[in-house]
Participant: 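A single structure is presented below for examination.
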Amino acid sequence: MTLSSDLPNTPATRSSATPIILDGRAGPDAGPDGPQSPLFDGLNPQQLEAVKYRGPALLIVAGAGSGKTSVLTRRVAGLIESREAWPSQILAITFTNKAAAEMRERVRGLLGQASDGMWISTFHSSCVRILRREAESAGLSTNFSIYDSADTKVTIKRIIKQLDADTMGFTPGNVASKISKLKNELADVDSYARNANMSDPQEVMFVEIFRQYTRRLREASALDFDDLIGETVFLFRAFPKVAALYRRRFRHILVDEYQDTNHAQYALVRELTRPVEAELADDMEDQGLHVKNLQDATGRIPGASLTVVGDSDQSIYAFRGASSRNITEFERDFPGTKVILLEQNYRSTQNILSAANAVIGNNFDRREKRLWSAGGDGEKIVGYTAYNGHDEAQFVADEVEALHRKGMAYRDMAVFYRTNAQTRALEEILVRAAVPYRVVGGTKFYERAEIKDALAYLIAVANPQDELALRRILNTPKRGIGPATETQLGSFAETNGISFRQAMRDSGGLGLGPKVTGAILKLATLLDSAALMMDPQNPAGPANVSDLLTYLLDGSGLLAVLRGSRDAQDEVRAENIEELVAQTKDFNRENPDAGLVDFLTQVSLVAAADDLDDASGTVSLMTLHTAKGLEYEAVFLTGIEEGLLPHQMSAGEPGGPAEERRLFYVGITRARQRLYLSLAMTRAQFGDVNVAMPSRYLQEIPADLIDWKQSPGMANSRGGTQSRALNARPGGGGFGSRSGTPGQLPPAPKPKTEWANRVTAQVRDNGDLTLNPGDRIRHVDFGDGRVNQVTGEGTKRIAHVQFDTSGAKKLLIKIAPIEKIE
DNA sequence: ATCGTCGATTTTTTT
DNA sequence: AATCGACGAT
């Protein structure tokens, strides 16, 4: 049974590339596959072409909101439905796990069960999967640890200290980023050292740090984030037979967000799309690997077909080695490339797009691309110049509430900012205004100290070589093993050529105090017995992750110590650990066949955007970087100031300001209906207040697109409303007197008293103040008002208040600066 | 070994 | 503002 006849749209595909083993599976009933198939419904001509095109290489230049996810999923679904490919022959790379999950979900929606078996994941997840499978060839153990950036920094910090390199200006931060950049270029210590200028003592020292770092990782059987990609590339280059397995398997490779791939990732894609030489292919056939149907006339297995989707205008990761060169030179790298442009935007109003186009148009050196929408102009963009960060946050909170009253769900709104530090003021105000919100990313759950502690116990069981994890838990919770003892154990291990873990077991002969020795041995025994629980040889069968974690928590007393503490923060920490236990239970349920290492891998590779819960009815707060790929009905872009966007740190970098502009562009294009731009005249930083200037990018938006509720000009002009003049903060002057800035900003002054500008930073506790509808209250900032309604329970009780001059607001009763009057 | 205090340093973005 | 490291007292 041959299928080529079912493929009206694939003249370029050789029929031999079609899988032959068709009967094993109940594929989708060979439904009608013409233009009337639901796969092609509602697509514009360019999208349709992108879904249907068949050939070795396809570049889809997809502007923001042009429906690329839809195109990608339908393309994948089309390949499978038409039986050009088995699910297992598809490898789709996305930027985040969440994007991967969404894509998998949508393909499943189109195909049902037939979608099982595809690899849809991030670069990092795919590489871990490959490296664990091929650990033996790669010279790794299957249970290798994955170091996150914090682990990397700690390791480097210790090396720097040991080498006294801090006196030469080395910091963990700059060393880590330099090593990361090198690894992204596929350099290792040796290749770097070969070209280094060894007469420069700085260079010599750096090489030494790099060398020791590499050695420590190897000794701990650990890989850092960058290694995951690089080692996979090295594996493929060193072992053509291993590479051939994957080249044979993945016939269709799709890469999303291609503009943000770095060199190592580019190299990986190249390796995966190379053909398998005839000789090797024949060998594989001899080993029963069934490649005959894939071989061409010369006996080779041709390279996989490659589809990449990207938009140079949204390249925002150059700082970590991404190069949009990969996209601009794609046609040269992959000859015979078909290029398709998607320019019609289905997301935003024309006003928002016009602003976006105007901004990005200031970047030279780009392929001209103009987004357009058939959806109408929509509302104007709203601008607001606040006096300070809190004032700005209050503006956001008020507008969020106003939108919500008009019927917009909280989950359809998002607040973006350049730096994580900006969340503080926003959170303070949103809590007080009782706006349900969620910070996406930031200090991630898995990066909290107590969670890392608990995970370190698991890692110590999974990978006994991992000294970092061992040292972390050695005295956590406190068991009287101090730094002196730790050092002794370390040197004992080193002089005897044994692992740190073994040194712990043998610590009896070290002549330490009986108490300390007892503590060390107890921990070693705990870990050993835990390891026994997970041993596949265990007659009872290996325990599951949550049982193991519970056992370790009980045995170590980690949770009990936090529970017993009278520090209020420890209570939160204990809750976090219990949340982790709950997560292990979920994991067991959802992945009954997965083990400890699988759990730890998943945990290591979660991205900021991954913990975004679409179902939660909350406003989302996130950085502009995290926002990439997402969209919301209403978007608040905050902190549009010089020094913040573009960020101070980017000024020196070549291409910095252009990248910051793209970041702004990304932020703008996330909005469907409503866009708010806000800035503050003064911003608190490093504990004191600085004067800020409006971002240069603001002037790039045509003035008639923005409706300034309070423009930068007004904000300090003497005529500002009474209350504002009164509220101006020390240091707040001098903002509008922007000598030298082409002032197209201050149009139509429309003073509104709707927003109070001053917010006390003071945290109050009203105890059990009770309010009832009808009560009159006085608010420090908003003045007098009447309580309409009280909702919520306990500490979360919320008063809905109609203020006499400041409008309607919701207040968290417990902490609002209010008192009952009358 | 642990705890408290002082002072330095910090914040660009992230898989 | 808040965290981290160094140092000294217990």
Participant: Please report, rounded to the nearest Å, how far the C1' atom of dA8(B) is from the CZ atom of F686(A).
Facilitator: 13 Å
Participant: Please give, in whole Å, the distance from dT13(B) P to Y317(A) OH?
Facilitator: 11 Å
Participant: Name the nucleic acid region contacted by D148(A), choosing base, sugar-phosphate or nothing; use a 4.0 angstrom heavy-atom cut-off, strictly under.
Facilitator: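 Since no nucleic acid heavy atom lies under 4.0 Å of D148(A), the category is nothing.
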Participant: With nearest nucleotides of DNA chain B determined for T419(A) and R479(A) from heavy-atom distances, which residue corresponds to the more 5′ nucleotide?
Facilitator: R479(A)
Participant: Which nucleotide in the list dT14(B), dT15(B), dT11(B) gets nearest to the side chain of F225(A)?
Facilitator: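 My answer, after comparing the listed nucleotides, is dT15(B).
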Participant: Would you please confirm or rule out a distance under 4.0 Å between OP1 or OP2 of dT14(B) and any side-chain N or O of N420(A)?
Facilitator: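 Looking at the OP1 and OP2 atoms of dT14(B), one of them is under 4.0 Å from a side-chain N or O of N420(A).
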Participant: Between dC4(C) and dT13(B), how far apart are the two P atoms, rounded to whole Å?
Facilitator: 16 Å
Participant: Enter the distance from K522(A):NZ to I481(A):CD1 here, rounded to the nearest 0.5 Å.
Facilitator: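 Result: 10.5 Å between the selected atoms.
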Participant: How far apart are the C-alpha atoms of D256(A) and K68(A), what are their side-chain angles, what is the distance that settles it, and do they pass the salt bridge (Lys or Arg N to Asp or Glu O under 4.0 Å) test?
Facilitator: CA-CA 9 Å; D256(A) 195 8; K68(A) 59 158 195 181; 3.2 Å; yes
Participant: Is there a side-chain polar atom (N or O) of T626(A) under 4.0 Å from OP1 or OP2 of dT14(B)?
Facilitator: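 Yes, because at least one side-chain N or O of T626(A) sits under 4.0 Å from OP1 or OP2 of dT14(B).
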Participant: Do F319(A) and the base of dT13(B) stack face to face, with centres under 5.5 Å apart and an angle between planes under 30°?
Facilitator: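 Yes, the aromatic ring of F319(A) stacks with the base.
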Participant: Does a sphere of radius 6.0 Å around CD in Q648(A) hold more than 12 heavy atoms from other residues, nucleotides or ligands, not counting ones at 6.0 Å or beyond?
Facilitator: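 For Q648(A), atom CD is not crowded (no more than 12 foreign heavy atoms under 6.0 Å).
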Participant: Once you round it to whole Å, what is the distance between P of dT12(B) and CG of L645(A)?
Facilitator: 14 Å
Participant: Check whether any side-chain N or O of N475(A) sits under 4.0 Å from OP1 or OP2 of dT2(B), and answer yes or no.
Facilitator: yes
Participant: Touch check for A484(A), heavy atoms < 4.0 angstrom, all strands: base, sugar-phosphate only, or nothing?
Facilitator: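 Sugar-phosphate, backbone atoms only, no base.
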Participant: Could you check how far CG of N174(A) sits from C1' of dT9(B), rounded to whole Å?
Facilitator: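 After rounding, the reported distance stands at 15 Å.
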Participant: Once you round it to whole Å, what is the distance between C1' of dG5(C) and NZ of K161(A)?
Facilitator: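 Going from K161(A) (NZ) to dG5(C) (C1'), I get 8 Å.
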Participant: Can you check whether H625(A) and F319(A) have ring centres sitting under 6.0 Å from each other?
Facilitator: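 Yes - the distance between ring centres of H625(A) and F319(A) falls below the 6.0 Å cut-off.
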Participant: If you go through the side-chain atoms of H647(A), does one of them form a donor-acceptor pair with the base of dT12(B) closer than 3.5 Å?
Facilitator: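 Answer no: no donor N or O sits under 3.5 Å from an acceptor.
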Participant: Would you please confirm or rule out a distance under 4.0 Å between OP1 or OP2 of dA1(B) and any side-chain N or O of T485(A)?
Facilitator: yes
Participant: Look up atom CG in L637(A) and atom CZ in R418(A), then write down how far apart they are to the nearest 0.5 Å.
Facilitator: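 Result: 12.5 Å between the selected atoms.
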Participant: Name the nucleic acid region contacted by F123(A), choosing base, sugar-phosphate or nothing; use a 4.0 angstrom heavy-atom cut-off, strictly under.
Facilitator: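 Answer is nothing: F123(A) stays at 4.0 Å or more from every strand.
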Participant: Tell me which one of R696(A), E700(A), R661(A) satisfies side-chain hydrogen bond (donor to acceptor under 3.5 Å, both in side chains) with N362(A).
Facilitator: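 Going through the options one by one, the only one that passes is E700(A).
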Participant: Can you find a side chain N or O atom of K157(A) that sits less than 4.0 Å from OP1 or OP2 on dG5(C)?
Facilitator: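 Yes.
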Participant: Output the rounded distance in Å from CD (E257(A)) to C1' (dT15(B)).
Facilitator: 13 Å
Participant: Round to the nearest Å and state the distance from R158(A) atom CZ to dG5(C) atom P.
Facilitator: 10 Å
Participant: Between A421(A) and K478(A), which residue's closest nucleotide on DNA chain B lies nearer the 5′ terminus?
Facilitator: K478(A)
Participant: In whole angstrom, give the distance that lies between atom OH of Y266(A) and atom C1' of dT15(B).
Facilitator: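 For the pair Y266(A) OH and dT15(B) C1', the rounded distance is 21 Å.
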Participant: Consider the side chain of E660(A), meaning its heavy atoms from C-beta on, and name the nucleotide among dA1(C), dT12(B), dT15(B) that approaches it most closely.
Facilitator: dT12(B)
